[in-house]
Amino acid sequence: MFVFESYDGAVSLFRQLNYIGQSNCIFYATTAVPTSAFMFGAVGGLVAGAANAANNRNWAAYLLNVNEMGFGILPFESTKGLGIKVEDLAPRFDQFFYIPYQQLASVTVKRYSIGSSIKRLIIEITNAPKFDLLVQVKQNKMPYHESCFKAFCDFYGKK
């Protein structure tokens, strides 16, 4: 079991950061690697990885809490090897990132590919590097994720 498996566990992580609102929409995402990077093989992957690292967007995963204060983004690092498993993730409280609504340039949610159960979430921030994330619509190990992400998509998705 991992701490953010339940909604209460996820809330407890954000409570440690004093980032709890009246209504907390909490969901899980991973970093998107541009598909153009894969066209150039290992070199393209390294270049994309270096760009993400330079923008401090090189974490294995993120837990987002969208509430009336803005977007709270808690990065996670993998504690084991290359694969990303939610049970092997450790929160990086020192790298917590808060985006007030006034600093949001745009929020885009779109299908990652045709027939995919993955959505691409792009959060553009005024005068800062953007977050380019992938979100699986369903996360079996986090029952709260699907309903929270659906509520998020209902608000930010294509109308």
Side-chain angles (χ1 to χ4, degrees), residues 1-34 37 45-46 48-109 112 117-156:
M1 185 170 148
F2 50 97
V3 73
F4 60 100
E5 179 177 36
S6 69
Y7 183 77
D8 290 338
V11 167
S12 73
L13 289 176
F14 286 103
R15 186 171 284 119
Q16 291 179 51
L17 296 161
N18 292 322
Y19 192 77
I20 295 294
Q22 296 297 316
S23 177
N24 298 285
C25 182
I26 301 173
F27 58 93
Y28 171 83
T30 57
T31 302
V33 175
L46 288 173
N52 278 342
N55 292 332
N56 199 22
R57 305 291 194 263
N58 60 335
W59 301 105
Y62 301 88
L63 200 60
L64 287 83
N65 182 2
V66 181
N67 59 33
E68 65 275 6
M69 296 180 279
F71 285 50
I73 302 174
L74 178 60
F76 284 81
E77 65 184 346
S78 180
T79 59
K80 304 223 174 142
L82 295 174
I84 298 174
K85 293 183 180 179
V86 291
E87 54 271 4
D88 295 335
L89 296 174
R92 289 295 309 263
F93 293 109
D94 60 323
Q95 296 295 317
F96 174 72
F97 194 85
Y98 161 67
I99 309 167
Y101 286 107
Q102 298 83 358
Q103 290 182 357
L104 282 176
S106 71
V107 176
T108 307
V109 180
Y112 185 63
S117 63
I118 299 172
K119 301 277 186 184
R120 188 166 184 185
L121 170 60
I122 301 169
I123 303 169
E124 294 190 54
I125 308 162
T126 306
N127 300 320
K130 68 182 175 184
F131 279 90
D132 191 352
L133 306 171
L134 296 178
V135 182
Q136 281 191 299
V137 173
K138 188 178 260 191
Q139 285 287 341
N140 293 331
K141 294 183 179 184
M142 292 172 269
Y144 63 90
H145 167 88
E146 186 174 1
S147 62
C148 286
F149 187 62
K150 181 185 180 323
F152 180 84
C153 288
D154 288 347
F155 191 80
Y156 285 104

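Just so it is clear, the model here is predicted, and its values are computed rather than measured.
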Do [X] and [Y] come close enough that some side-chain heavy atom pair is under 4.5 Å?
| X | Y | value |
| --- | --- | --- |
| Y7 | N24 | yes |
| H145 | V135 | yes |
| Y62 | F97 | no |
| Y28 | F149 | no |
| F152 | L64 | no |
| W59 | I73 | no |
| L63 | F14 | yes |

(Q) Show every salt bridge (charged side-chain N to carboxylate O under 4.0 Å, His left out) that has at least one partner inside residues 63-77, sequence neighbours left out. (A)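 Salt bridge (charged side-chain N to carboxylate O under 4.0 Å, His left out) check on residues 63-77 returns E77-R92.
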Q.
Quick test of your reading: applying salt bridge (charged side-chain N to carboxylate O under 4.0 Å, His left out), list the pairs with at least one residue in residues 133-148, sequence neighbours left out, ordered by first then second residue.
A.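 Applying salt bridge (charged side-chain N to carboxylate O under 4.0 Å, His left out) to every pair that reaches into residues 133-148, excluding sequence neighbours, yields E87-K141.
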Distance, nearest 0.5 Å, that separates [atom1] of [X] from [atom2] of [Y]:
| X | Y | atom1 | atom2 | answer |
| --- | --- | --- | --- | --- |
| K119 | T108 | NZ | OG1 | 13.0 Å |
| T30 | Q136 | OG1 | CD | 7.5 Å |
| L134 | L121 | CG | CG | 9.0 Å |

Q | All side-chain hydrogen bond (donor to acceptor under 3.5 Å, both in side chains) counterparts of E124, not counting sequence neighbours | A |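 If we apply the side-chain hydrogen bond (donor to acceptor under 3.5 Å, both in side chains) test to E124, skipping adjacent residues, the hits are S106.
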Q) What residues, two or more places apart in sequence or in another chain, satisfy side-chain hydrogen bond (donor to acceptor under 3.5 Å, both in side chains) together with Y19? A)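 With sequence neighbours excluded, Y19 shows a side-chain hydrogen bond (donor to acceptor under 3.5 Å, both in side chains) to N67, given in chain and number order.
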Q) So does N127 have more than 12 non-hydrogen atoms from other groups sitting under 6.0 Å from CG? A)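 Check fails, neighbour count at 12 or below.
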Shortest non-hydrogen contact from [X] to [Y]?
| X | Y | value |
| --- | --- | --- |
| A61 | L89 | CB-CD1, 3.7 Å |
| S78 | A60 | N-CB, 3.8 Å |
| E5 | Y144 | O-CE2, 3.4 Å |
| M69 | Y98 | O-OH, 2.8 Å |
| C148 | C25 | O-SG, 2.9 Å |
| I123 | F71 | CD1-CD2, 3.8 Å |

Q.
F93: which residues meet the ring pair (Phe, Tyr, Trp, His ring centres under 6.0 Å) condition with it, sequence neighbours left out?
A.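 So F93 forms no ring pair (Phe, Tyr, Trp, His ring centres under 6.0 Å) with any residue.
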Q.
Once ring pair (Phe, Tyr, Trp, His ring centres under 6.0 Å) is applied, do any residues pair with F4, and if so which ones, sequence neighbours excluded?
A.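 Per chain and number, F4 pairs via ring pair (Phe, Tyr, Trp, His ring centres under 6.0 Å) with F2, F76.
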Q.
List the residues meeting side-chain contact (heavy atoms from CB on, under 4.5 Å) with D8, not counting sequence neighbours, and say none if there are none.
A.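 S6.
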Q. What residues form a side-chain contact (heavy atoms from CB on, under 4.5 Å) with Q103, not counting sequence neighbours?
A.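 If we apply the side-chain contact (heavy atoms from CB on, under 4.5 Å) test to Q103, skipping adjacent residues, the hits are I99, P100, I125.
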